[in-house]
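In what follows, chains are A, B, ... by sequence order, proteins preceding strands, each numbered from 1. Given the structure is predicted, the values throughout are model-derived calculations rather than measurements.
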Protein chains: 2
Amino acid sequence: MTEAVTRPTLEAVAARAGVSRATVSRVVNGGDGVREPLVERVRRAVEELGYVPNQAARSLVTRRHDAVAVVIAEPETRVFADPFFALQLRGISKELTAHDNQLVLLLTEGRDDHARVGRYLAGGHVDGALVFSLHLDDALPGLIRGAGVPTVFGGRPGWSDGTPRAVYVDSDNRGGARAAVRHLVGLGRTRIAHITGALDQTSAVDRRDGFRDVMAEADPRLVVEGDFTPAGGERAMRELLDRCPDLDAVFAANDLTAAGALRVLRERGRRVPDDVAVIGFDDMLPVAEQTDPPLTTIRQDIEEMGRLMARLLLRRLDPRNADDTDAAPSPGVVLPTTLVRRASA
Amino acid sequence: MTEAVTRPTLEAVAARAGVSRATVSRVVNGGDGVREPLVERVRRAVEELGYVPNQAARSLVTRRHDAVAVVIAEPETRVFADPFFALQLRGISKELTAHDNQLVLLLTEGRDDHARVGRYLAGGHVDGALVFSLHLDDALPGLIRGAGVPTVFGGRPGWSDGTPRAVYVDSDNRGGARAAVRHLVGLGRTRIAHITGALDQTSAVDRRDGFRDVMAEADPRLVVEGDFTPAGGERAMRELLDRCPDLDAVFAANDLTAAGALRVLRERGRRVPDDVAVIGFDDMLPVAEQTDPPLTTIRQDIEEMGRLMARLLLRRLDPRNADDTDAAPSPGVVLPTTLVRRASA
DNA sequence: ACGGCTGTCGAGAGCGCTCTCACCTCCCCG
DNA sequence: CGGGGAGGTGAGAGCGCTCTCGACAGCCGT
């Protein structure tokens, strides 16, 4: 069943090259302090034998694993299935790969899984963790702090138990929201509504705050709570139209919500963007490009977020990983957003 | 910087429980052949010390890692960002977690990465691999065979270098396509067109073959090649309308393609489903539910596919992982698809 | 010409675990 | 009542690697 092809060891390479294990080890790990002819001999022996270091043996003594856990909490189908995490994972993967680190993926649902993740991280199987913890009431951040593993969070962590200096990377949700609303204002709209996201997530709170920054004096009835889903968008849009039939623009907390809102607007005979301008958030391509009309929205560079998270973590794990271009470390890093104009606003 | 909290070792637990290392090891790994009172003493010592086994040390001697690599080849933005992989990952993750295995994610783009993945797998860092290799010309499967790691493929592998018994899990693309076309026939449609997917992928080939199974006599001009993208769907739809203005139904190779086709049909003034019925494939929710009209399509249970892949692999790695319900092993497993009726057909 | 210094290399001691094997009970059967 | 066997336990030998430390060369300055 299993082929017992015993892979060559350091010992074997050493014998073949006619040097000691220590020397082979030095060469394999960078070759500093070994004279050129020897380096060459060892390299050839490695090549000929097809030697690959045994990571387990190495970890046993170095206590490093060159592996990072990516924890994605509560991937409910709707949330998890959007392109968001896929892109973020890609960014993370690229950066980790560039520094020869492995990506261990931990998906959780429910409390039991949280405990499992906590145990895993505390078990010292990985050097660090990148954590996406969406909800404010999430127990995960606490468990992770308890595990004592260097961690970078994706998205501003919202819990309030006094972990002020958590390192995180986030999009400029608030600034993006301001840009969206200002765009609508620039279009001459005055009765601008906002459908929020699920307010147990910091991104939804920040986007709503951005809306309020610009529309401080707005009619409070123009803000309705949604939940980041199309169905929530539909419900909220109906409520808005009932309450304020005179509205002339909507800022939806994300593209899915905007898609729902668009459907209701069409159903009620409002023309977009002529009667009501609509703007979304995320620039989730398969949605934003497919709506009718295509959605004007706020784009965030998801992949870059992932890459940056990984970079911050690697830097903490080993300062040598720092690029020259890296700025001084700060607890939170916020990435800019950009307005993408399509037809809906 | 790093807190040198030396974690307790087996030795420490043994000392505390007043037994030997061997006994602690036995208890930690199942406790067979140890008398009850000792088991209890050891358990308590483990608890009190917060002992967690050092996986590296364990792997060093057992040569097992309880880790599985998931390789996703060529995640071009468009492909990777769809919900497909996310769901599959979730299925895989659930199954692996249930059997205490870790998921190491390897994303690749381009040839260099393939070599890296090959080296990683050959390096014996994981016990097995789950591989998604989309394209027929992909070099990855060869590299993986060379690495000698037990592997299960996601989707029917299409390369033809004589690896007939590769284990894989796939959806019933052909059967699903037949069901889609038969549905259109049942609607009384006679001039049924097909927009294929990218034909360098087996799923696209199989879906086209399913179409042909039912429409053996069809006008060959009714089949146009697409590429699984909305833009490809638009282009293909235009071509179809130009060539065969009398068509009354379209089977698109996936939902994204169908969405593009729908746009062109609307633009050309054809009513869906009255003039032209449209059916997709995948039931990619954010798309299928958002189109106008909502898309009738073929659903595949993506998450179950992932779970099944993991289960097959685990069973190969260790027969004890087999559930009682598992059928006799066969090289390929094909999951059923179901028709989801919405408004477009 | 000599003591020290820098630079290269090898010997050897573990890292924390599993697993074989020998030993020791204790029970059962003749 | 003794011998054999079964079952429970511990001692010890590694798994493949890194890393410290000592040995030894070659070089400098005085």
Which whole-number value in Å describes the distance from [X] [atom1] to [N] [atom2]?
X       : N      : atom1 : atom2 : answer
B/Arg7  : C/dC15 : CZ    : P     : 15 Å
B/Arg35 : C/dT25 : CZ    : C1'   : 8 Å
A/Asn54 : D/dG14 : CG    : C1'   : 14 Å
A/Asp66 : D/dC17 : CG    : P     : 15 Å
A/Leu60 : D/dC19 : CG    : P     : 12 Å
B/His65 : D/dG16 : NE2   : P     : 11 Å
B/Arg26 : C/dG16 : CZ    : C1'   : 17 Å
A/Leu38 : D/dA25 : CG    : P     : 16 Å

Report task. Classify the nucleic acid contact of A/Arg63 as base, sugar-phosphate or nothing, counting any heavy atom under 4.0 Å across all strands shown. Result ->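 Sugar-phosphate contact only - A/Arg63 comes under 4.0 Å of backbone atoms but never of a base.
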
**Report entry** Pairwise side-chain contact, B/Val131 with B/Val152, heavy-atom cut-off 4.5 Å (strictly under)
**Finding:**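 In short, these two side chains do not touch, never coming nearer than 4.5 Å.
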
Out of [options], whichever nucleotide has its closest atom nearest the side chain of [X]:
X       : options                : value
A/Thr23 : C/dG14, C/dG10, C/dC17 : C/dG10
A/Ser25 : D/dT18, D/dA11, C/dT18 : D/dT18
A/Val61 : C/dA11, D/dA11, D/dG16 : D/dG16

Requested in this report: Could you tell me whether B/Glu304 and B/Arg307 make a salt bridge, using a distance below 4.0 angstrom between a side-chain N and a carboxylate O?
Outcome: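 Looking at B/Glu304 and B/Arg307, the cut-off is met.
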
Requested in this report: Check the angle between the aromatic planes of A/Phe132 and A/Phe85 and answer parallel, tilted or perpendicular using the 30° and 60° thresholds.
Outcome: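 Rings of A/Phe132 and A/Phe85: perpendicular, over 60°.
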
Report task. Calculate, to the nearest 0.5 Å, the distance between atoms CZ and CG belonging to A/Arg16 and A/Leu49 respectively. Result ->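 Atom-to-atom, A/Arg16:CZ and A/Leu49:CG are 5.5 Å apart.
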
